[in-house]
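Some notes on the structure that comes next.
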Amino acid sequence: MDKVLIIDDNTGIISALSLLLSLHDIQTLSAITPQAGLQLLRENPDISLVIQDMNFTADTTSGEEGRALFFALRELQPDIPVILLTAWTQLEMAVELVKAGAADYVGKPWDDNKLIATIKNLLELHDLQQQQRQTQSREQQARDQLQQQFDLQGIVYRSPALQKLLEMATQVAHSDVPVLITGPNGAGKEKIADIVQANSSVKDGPYIKVNVGALPEDLMEAELFGAEAGAYTGAGNKTREGRFEAADGGTLFLDEIGELSASGQVKLLRVLQTGEFQRLGSSQTRKVNVRVISATNSHLEKMIADGRFRQDLFYRLNVIELKLSALNERTEDILPLARAFLAGTGKQLSPPAQHKLTRYSWPGNVRELQNVMQRAAVLTRGDTVEEETLALPEEERQKMPEHNFEPSRELLEQTLASCDGIIAQAARELGLSRQALYRRLDKYGIPY
């Protein structure tokens, strides 16, 4: 049951409000002095809303006592909604306090139906805010716990989607089964591979990375499996050690695995099955113990259907699949990453710049974000990166659906501050209507 605190020196008003709220299953506590009201709030942290008078001393009409009480309440519980009971003489003071964060003001005498509607709306909003804070607290605890238990290689993130991926990555890291990391280019697949390797049982062994897509097709097998002297044109008189041999006792990361040639796929399948392979131009069988992590942005199932990738190899590589989503599907990560890329430059993002970053679709994912921030840091002369310096393409920004943008509390507060508290200007900066901005400010309990 919701609990409301009534602070008023008029016991008749306390009785009337208590009766009204009890008819709607709302529990009340009451106090006739500001000091007693503050003490009740200290003793009852589950109070969800306060209704307070503006004057407590006889023949006093300035509202200064109510003003002092309001700020004392906010000091005890910054997010608690407060409704002010006012007479017409305190209207100007009430408006001032609403701008300072009071939820609403109600004139005496009040309309029961309107007052109850206001109270219920505020109680529902307060409950939602409490749930959101609890969720954010749990998510932060989960991130902290994961970071304490595992080596996350300095990865920066906030999204629950990446939290789940990292939990799975660290869980499977210690086994020796192959891991396939899928996701779009630039999303951070190599960073996920680094985390798997850093928490594996062979973390102290060699860690060899190969971009298969960057290898010339005629040299791909020689690079991976090695070659004897003279095994192919241009091989020379030296024996070439392949990447598998170099990674023996450790981890081999094969990026863009979908680009592997057909003959290379056959040899890779054999290594995964038996640990054995032959150098190009040699009949001698060699044996290695290598943990294979592969990554691709290709649709391997479609490549299998088209006859361009072996199904048996796919099942060998895909014992554990880690699916990394695009950056625009985990927008909570955009601003933390942007700030991380600015770290050490002494520069910060203006609220409009933050807005543009969260609205952009990021077709190049994390890699594009990093490039944008590095460029902005170089081009920004002062301490603040403005939206114009980001130079994000307008057509790409428009591809981002409107509903995907949900400004964070931090962005709302910074935008309001930069606009000197002017709601209309802040709404324009955020690309919201004034009503939509008011709803979000109320949602987070941000004073305006």
Give a yes or no answer on whether the side chain of [X] reaches the backbone of [Y] with a donor-acceptor pair at less than 3.5 Å.
{"X": "Arg74", "Y": "Gly101", "answer": "yes"}
{"X": "Thr135", "Y": "Gln131", "answer": "yes"}
{"X": "Lys189", "Y": "Gly183", "answer": "yes"}
{"X": "Ser18", "Y": "Ser15", "answer": "no"}
{"X": "Asn44", "Y": "Leu40", "answer": "yes"}
{"X": "Gln197", "Y": "Lys203", "answer": "yes"}
{"X": "Asn365", "Y": "Gly186", "answer": "no"}
{"X": "Asp383", "Y": "Lys347", "answer": "no"}
{"X": "Ser137", "Y": "Gln134", "answer": "no"}

Minimal non-hydrogen separation, [X] against [Y], with atom names:
{"X": "Phe309", "Y": "Gly258", "result": "CE1-CA, 4.2 Å"}
{"X": "Val156", "Y": "Ala340", "result": "CG2-CB, 3.9 Å"}
{"X": "Asn113", "Y": "Asp111", "result": "N-OD1, 2.9 Å"}
{"X": "Asn289", "Y": "Asp248", "result": "N-OD1, 2.8 Å"}
{"X": "Asp2", "Y": "Ser48", "result": "OD1-OG, 3.9 Å"}
{"X": "Thr251", "Y": "Val290", "result": "C-CG1, 4.4 Å"}

Atom [atom1] of residue position [X] - does it have more than 12 heavy atoms of other residues, nucleotides or ligands inside 6.0 Å?
{"X": "Tyr315", "atom1": "OH", "value": "no"}
{"X": "Ile32", "atom1": "CD1", "value": "no"}
{"X": "Gln149", "atom1": "CD", "value": "yes"}

Under 3.5 Å side-chain donor-acceptor pair for [X] and [Y]:
{"X": "Gln140", "Y": "Arg143", "answer": "yes"}
{"X": "Glu256", "Y": "Thr296", "answer": "no"}
{"X": "Glu167", "Y": "Gln163", "answer": "yes"}
{"X": "Gln354", "Y": "Arg339", "answer": "yes"}
{"X": "Arg138", "Y": "Gln141", "answer": "no"}
{"X": "Glu386", "Y": "Thr380", "answer": "no"}
{"X": "Gln153", "Y": "Asp151", "answer": "yes"}
{"X": "Asp333", "Y": "Ser159", "answer": "yes"}
{"X": "Asp194", "Y": "Tyr207", "answer": "yes"}
{"X": "Tyr157", "Y": "Glu332", "answer": "no"}

- Could you give me the CA-CA distance, side-chain angles and deciding distance for Ile293 and Leu180, then say whether side chain to side chain contact (heavy atoms under 4.5 Å, CB included) is met? CA-CA 6 Å; Ile293 303 173; Leu180 175 64; over 6 Å; no
Measuring only between side-chain heavy atoms, which start at C-beta, is [X] closer than 4.5 Å to [Y]?
{"X": "Leu49", "Y": "His126", "value": "no"}
{"X": "Ile195", "Y": "Thr170", "value": "yes"}
{"X": "Leu73", "Y": "Leu38", "value": "yes"}
{"X": "Val372", "Y": "Phe341", "value": "no"}
{"X": "Arg367", "Y": "Leu327", "value": "no"}
{"X": "Phe314", "Y": "Ile304", "value": "yes"}
{"X": "Ile116", "Y": "Leu21", "value": "yes"}
{"X": "Val179", "Y": "Val172", "value": "yes"}

To the nearest 0.5 Å, how far apart are [atom1] in [X] and [atom2] in [Y]?
{"X": "Gln374", "Y": "Leu369", "atom1": "CD", "atom2": "CG", "answer": "10.0 Å"}
{"X": "Ser294", "Y": "Leu313", "atom1": "OG", "atom2": "CG", "answer": "8.0 Å"}
{"X": "Arg291", "Y": "His174", "atom1": "CZ", "atom2": "NE2", "answer": "10.0 Å"}
{"X": "Asn55", "Y": "Leu85", "atom1": "CG", "atom2": "CG", "answer": "11.0 Å"}
{"X": "Glu368", "Y": "Leu392", "atom1": "CD", "atom2": "CG", "answer": "7.5 Å"}
{"X": "Met93", "Y": "Phe70", "atom1": "CE", "atom2": "CZ", "answer": "11.5 Å"}

- Asp306 bridged to Lys302 by N-O distance under 4.0 Å: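 Salt bridge flag = yes for Lys302 with Asp306.
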- Task: Any chance you could lay out the side chain to side chain contact (heavy atoms under 4.5 Å, CB included) test for Leu69 and Ile7, step after step, and finish with the verdict?
- Result: CA-CA 10 Å; Leu69 173 58; Ile7 310 175; 3.9 Å; yes
- Just do the side chain to side chain contact (heavy atoms under 4.5 Å, CB included) check on Leu349 and Thr384 with the steps written out, would you? CA-CA 6 Å; Leu349 292 161; Thr384 303; over 6 Å; no
Side-chain donor-acceptor pairs under 3.5 Å in residues 76-84, sequence neighbours left out?
residue : atom : partner : partner atom : Å
Asp79   : OD2  : Arg133  : NH1          : 3.1

- Message: Under the side-chain contact (heavy atoms from CB on, under 4.5 Å) test against Leu357, which residue among Leu337, Leu390, Thr331 passes?
- Response: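 Among the candidates, only Leu390 passes.
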- Among Val210, Leu268, Val288, which residue meets the side-chain contact (heavy atoms from CB on, under 4.5 Å) test with Leu252?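 Among Val210, Leu268, Val288, the one meeting side-chain contact (heavy atoms from CB on, under 4.5 Å) with Leu252 is Val210.
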- Report the C-alpha separation of Leu97 and Tyr105 in whole Å, then their side-chain angles, then the decisive distance to 0.1 Å, and conclude whether the side chain to side chain contact (heavy atoms under 4.5 Å, CB included) test is met. CA-CA 9 Å; Leu97 294 184; Tyr105 63 88; over 6 Å; no
- Message: Does Glu65 form a side-chain hydrogen bond (donor to acceptor under 3.5 Å, both in side chains) with Thr57? I'd like the steps, not just the answer.
- Response: CA-CA 8 Å; Glu65 292 174 311; Thr57 303; 2.4 Å; yes
- Task: Please test Arg67 against Glu96 for salt bridge (charged side-chain N to carboxylate O under 4.0 Å, His left out), starting from the C-alpha separation and ending with a verdict.
- Result: CA-CA 9 Å; Arg67 184 179 188 277; Glu96 176 192 336; 3.1 Å; yes
